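Report on the structure given below.
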Amino acid sequence: MRPVLPFDWREVPFVRLLLPLLLGFLLSRWLTLAPYYAAAGMLGCILLQQLYQSSELRSRWQWRYVPGILFFISLVLLGTALPGWKDAGRHANHIRNFQNEKSPSGWLLIRLIETPEQKAQSVKIVAEARWLEKNDSSFAVQGKVLLYLQKDSLAAALQPSDLLWIPNRLQTPEGPANPGAFDYRNYLFQQQIYVQAYFQSGSWKKAGKDRHTQLKDLALALRTKALVQLHRYLGHGPESGLAAALIFGYRAELPPQLVQAYANSGAIHVLAVSGLHTGILYLLLQSCFNPLRRIRKLRLLPPTMVLLGLWAYALVAGLPPSVNRAATMCSFMVIAGEIKRKTLIYNTLAATAFLLLILNPAWLYYVGFQLSFFAVLGIVFLQKRIYGLWTVRNKFADYLWQLTAVAFAAQLLTMPLGLYYFHQFPTYFWLSNWLVIPLATVLLGGGLLLLAVSPFPMVAALLGKILHWLIYWQNKLIVGIDQLPAAVWSGWSLSFPMLVLLFLAIVFASSWLIYKQRTAFWLAWTAAIGLCVLAFFQQWHWEQQQQLTIYHLPKKTAFSVFSGRQALWYGFEDDSDRRFVQQAHLLQAGIRDSGYPKQDTISGLICVNNLKILRLTKKNRVWLKHPGTLKIDYLLISGQPFIDTTGLRQRLAVKRILLDGSNSRYYCSKTVPMLRAAGFNVSCSWDEGALILPL
């Protein structure tokens with residue numbers, strides 16, 4: 001009987017090490033375990049292991065699993081405690097521990113650790129805190145800081161290793177205020193950034209440069225010089241931007257529309273330095289240095305140069321998780337080749353994940369890290385099987401079929417993650433990969449060659465023209481694929497349990513098709529049935545929903561009324577609000593049909609499905625002349641109007657008064673207590689975020 005798994009469990013020790021570590025990481029999301037408790041538990045497991053080895057139980061067959069169970073528990077404890085141990089925020093001198101006062105004061109010395117990102121009106125900076133001067137005392141602090149500086153000549157000229165004095169007015173990032181919105185605070189926390197601030201020109205001071213240059217500073221300086229050469233020979237348009245993204249993973253110079261086109265066509269991986277780029281570089285380095293193996297005294301030089309080249313490239317690229325994974329995996333393959341050990345790809349991949357997650361557990365929650373590993377798993381597990389389904393004799397057609405098999409294998413295991421995180425599926429991914437995989441090899445090699453020959457202007461200029469032409473047409477073709485009918489299958493909304501079941505269904509179904517194992521068949525059907533049950537309950541919930549949502553948008557008014565899978569919207573004139581607030585909630589709620597409610601522009605009265613909402617602004621006060629008492633469900637206060645509680649009592653019979661983000665925080669802090677003192681039921685979006693009210 002063939003196994004369900006595509007490998008012998010005894011030949012993959014790092015898979016057995018990785019699974020309990022991952023279980024511990026997941027438990028740490030709900031169970032906070034202090035490092036000394038985990039150390040005590042691991043020590044207890046070691047003592048029990050020693051007692052087992054010296055006892056009579058060792059010779060009994062039924063107790064043979066005790067050592068494995070104890071080791072499993074030890075790794076689970078390690079995984080539970082490691083995220084907290086690696087968290088810089090746990091230290092007493094972390095900068096976030098000095099931001100809880102009502103009136104923070106003093107000055108903070110910071111050091112830039114990343115290349116500043118030029119925005120339209122500001123400069124985005126990631127720095128680390130060094131020194132805090134406050135109340136005639138000074139002391140060392142630590143921790144990452146995210147800053148936005150008003151754009152001027154001084155801010156635009158900042159570079160890594162610059163030192164700045166900034167006012168000690170940092171704030172903890174706020175969580176998502178609207179349903180379905182991206183949790184930017186959690187995104188920053190995963191990068192161990194717990195404080196941020198915005199400073200206008202003149203409110204901060206430059207304090208020179210840090211004389212202690214770090215290795216990453218040199219790498220960023222090299223990347224800056226390389227970008228200058230790309231601009232010199234490729235211009236400042238999307239061509240140089242794509243080359244910078246392809247070589248260094250630097251996407252700040254790419255137009256957002258072009259990035260979206262690559263995402264919609266399924267070729268977004270070419271814009272982020274990943275395993276594809278590292279694998280190409282690995283093959284190029286192997287082909288360059290392998291001839292030296294013929295010289296006996298230089299036998300160790302080729303693997304050494306390959307390792308140095310891989311990690312030098314990873315360092316200049318900024319050490320993103322995907323490159324760390326690929327560089328580590330290639331390094332294991334190089335080392336295993338030198339010691340004449342057979343490398344099992346599943347064990348190598350697990351060893352890479354185990355090592356990287358020990359170094360930084362937060363990488364487990366990086367989308368790029370997850371996509372990178374699952375793409376490699378898909379290629380390893382399925383590519384040969386898919387390719388073997390069809391035999392093509394023509395060499396060119398066979399090459400295209402190989403690319404298609406790689407694309408299908410990678411896309412099959414990354415599809416659940418794409419539906420979960422991005423709510424869409426690129427239907428023409430196979431077509432775009434016909435272009436980007438071979439061109440990525442040419443463009444990456446050509447881009448690195450361009451940087452190498454940049455001291456020779458005539459040669460570099462000729463090569464730059466060729467690369468410019470290739471990149472231009474690649475961009476045109478990708479945009480053309482994006483414009484094909486039904487290029488994106490969008491509107492998906494998966495919960496986490498649905499994600500897990502979909503992934504299990506794909507894995508077990510693939511295993512059954514390959515090995516024809518009955519257990520895999522029934523596991524695949526079980527996962528598929530469970531997925532259908534969850535999807536049914538999700539659809540039922542969408543059909544039953546009846547709610548009013550007042551969104552929290554500073555200086556704006558927007559709300560929606562959901563009745564089943566139909567919605568009526570008010571507001572959302574801004575494109576960014578429609579994309580990041582309206583569309584996000586639309587996906588989460590499974591809305592199919594949308595429209596806009598009718599309102600009386602004079603009185604501000606909006607009637608939707610027997611629901612009466614009255615907007616009170618500085619202009620529409622006609623309802624005050626209404627004879628008798630006006631009965632409404634909700635009074636929505638917008639734009640900071642004058643409030644007469646006596647008039648409200650006499651003219652209105654209202655269930656609840658709502659204050660949205662168009663009112664300032666200061667106005668709400670004064671108005672809400674006044675209304676509650678008058679006996680009204682009041683809710684404010686500044687205090688509660690988006691107000692979701694059942695109908």
Side-chain angles (χ1 to χ4, degrees), residues 83-101 104-119 122-134 137-150 154-173 184-199 203-224 249-250 252 314-321 323-324 359-363 365-366:
W85 178 256
K86 289 287 187 177
D87 185 6
R90 69 184 181 87
H91 296 288
N93 66 337
H94 194 277
I95 186 60
R96 72 171 178 176
N97 297 325
F98 301 94
Q99 306 306 314
N100 296 325
E101 302 177 13
S105 59
W107 288 85
L108 179 67
L109 180 67
I110 62 172
R111 181 189 190 275
L112 274 66
I113 58 175
E114 299 285 351
T115 302
E117 186 175 340
Q118 307 293 328
K119 302 287 187 178
S122 63
V123 178
K124 179 182 176 182
I125 289 173
V126 178
E128 59 182 6
R130 288 294 184 85
W131 201 260
L132 180 61
E133 292 190 354
K134 184 176 181 181
S137 63
S138 58
F139 45 90
V141 291
Q142 64 172 317
K144 290 184 180 180
V145 177
L146 175 64
L147 298 179
Y148 289 90
L149 305 180
Q150 185 178 1
L154 185 59
L158 292 175
Q159 295 295 328
S161 76
D162 283 345
L163 298 173
L164 306 180
W165 283 106
I166 61 173
N168 184 27
R169 292 190 284 104
L170 304 176
Q171 302 292 330
T172 302
Y184 188 61
R185 178 177 62 180
N186 184 58
Y187 171 76
L188 293 179
F189 282 7
Q190 289 177 355
Q191 302 178 63
Q192 298 197 17
I193 299 177
Y194 298 104
V195 288
Q196 65 176 6
Y198 173 82
F199 294 110
S203 61
W204 56 275
K205 297 179 290 186
K206 189 174 179 180
K209 266 192 175 301
D210 186 5
R211 296 181 179 179
H212 300 87
T213 303
Q214 300 177 3
L215 184 60
K216 191 171 184 178
D217 298 333
L218 297 176
L220 293 175
L222 287 174
R223 188 176 72 177
T224 301
Y250 184 75
L315 184 64
V316 176
L319 296 175
V323 175
N324 289 333
L359 296 175
N360 189 350
W363 280 343
Y365 307 104
Y366 281 30

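We number each residue from 1, following the sequence as shown. Computed from a predicted structure; not experimentally measured.
The ring-ring contact (aromatic ring centres under 6.0 Å, His included) check on Y184 picks up Y187, with sequence neighbours excluded. Not counting sequence neighbours, the partners of D210 by the side chain to side chain contact (heavy atoms under 4.5 Å, CB included) test are R111, R130, L163, H212. Remark: E117 engages K119 in a salt bridge (Lys or Arg N to Asp or Glu O under 4.0 Å) (not counting sequence neighbours). Q142 is linked by a side chain to side chain donor-acceptor pair (under 3.5 Å) to N93, counting only residues two or more places apart in sequence or in another chain. In terms of the side chain to side chain donor-acceptor pair (under 3.5 Å) criterion, residue partners of D162 (sequence neighbours excluded) are, by chain and number, K209. Partners of T224 by side chain to side chain donor-acceptor pair (under 3.5 Å), not counting sequence neighbours: none found. By the side chain to side chain contact (heavy atoms under 4.5 Å, CB included) test, P173 pairs with R185, L188, F189, Q196, sequence neighbours left out. For the side chain to side chain contact (heavy atoms under 4.5 Å, CB included) test, residues two or more places apart in sequence or in another chain that qualify with A127 are I110, I125. Partners of W85 according to the side chain to side chain donor-acceptor pair (under 3.5 Å) rule, which considers only residues two or more places apart in sequence or in another chain, do not exist here.
Between L109 and A207 the shortest heavy-atom distance is CD1-CB, 4.1 Å. Counting all heavy atoms, side chain and backbone alike, Y148 lies closest to S122 at CD2-OG, 3.9 Å. R169 approaches A197 most closely through the heavy-atom pair O-CB, 3.9 Å. Nearest heavy-atom pair across A92 and N97 is O-ND2, 3.2 Å.
Checking Y194 against D87 by side-chain atom types alone, a donor-acceptor pair falls below 3.5 Å.
Within the 4.5 Å cutoff, no side-chain heavy atoms of L149 are placed close to those of Y198. With a 4.5 Å cut-off on side-chain heavy atoms, L112 and Q159 do not count as touching. Residues V195 and L146 have side chains not in contact (no heavy-atom distance under 4.5 Å, counting atoms from C-beta outward). Contact check for L170 versus I95: side-chain heavy atoms found under the 4.5 Å cut-off. Looking at E133 and F139, their side chains never come closer than 4.5 Å, going by heavy atoms from C-beta outward.
How far OG of S203 is from CD of Q150: 8.5 Å, rounded to the nearest 0.5 Å. To the nearest 0.5 Å, atoms CG (L147) and CD1 (I193) are separated by 10.0 Å. For the atom pair CG (L164) and CG (L108), the distance works out to 10.0 Å, reported to the nearest 0.5 Å. E128 contributes atom CD, which lies 10.0 Å from atom CD of E114 (distance to the nearest 0.5 angstrom).
Remark: the backbone N or O of A88 is paired with a side-chain donor or acceptor of Q192 at under 3.5 angstrom.
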For a side chain to side chain contact (heavy atoms under 4.5 Å, CB included) check, start with the C-alpha distance between Y366 and Q191, then their side-chain angles and the critical distance, and finish with the verdict. CA-CA 9 Å; Y366 281 30; Q191 302 178 63; 3.3 Å; yes
Test side chain to side chain contact (heavy atoms under 4.5 Å, CB included) applied to W107 and K134, step by step: CA-CA 7 Å; W107 288 85; K134 184 176 181 181; over 6 Å; no
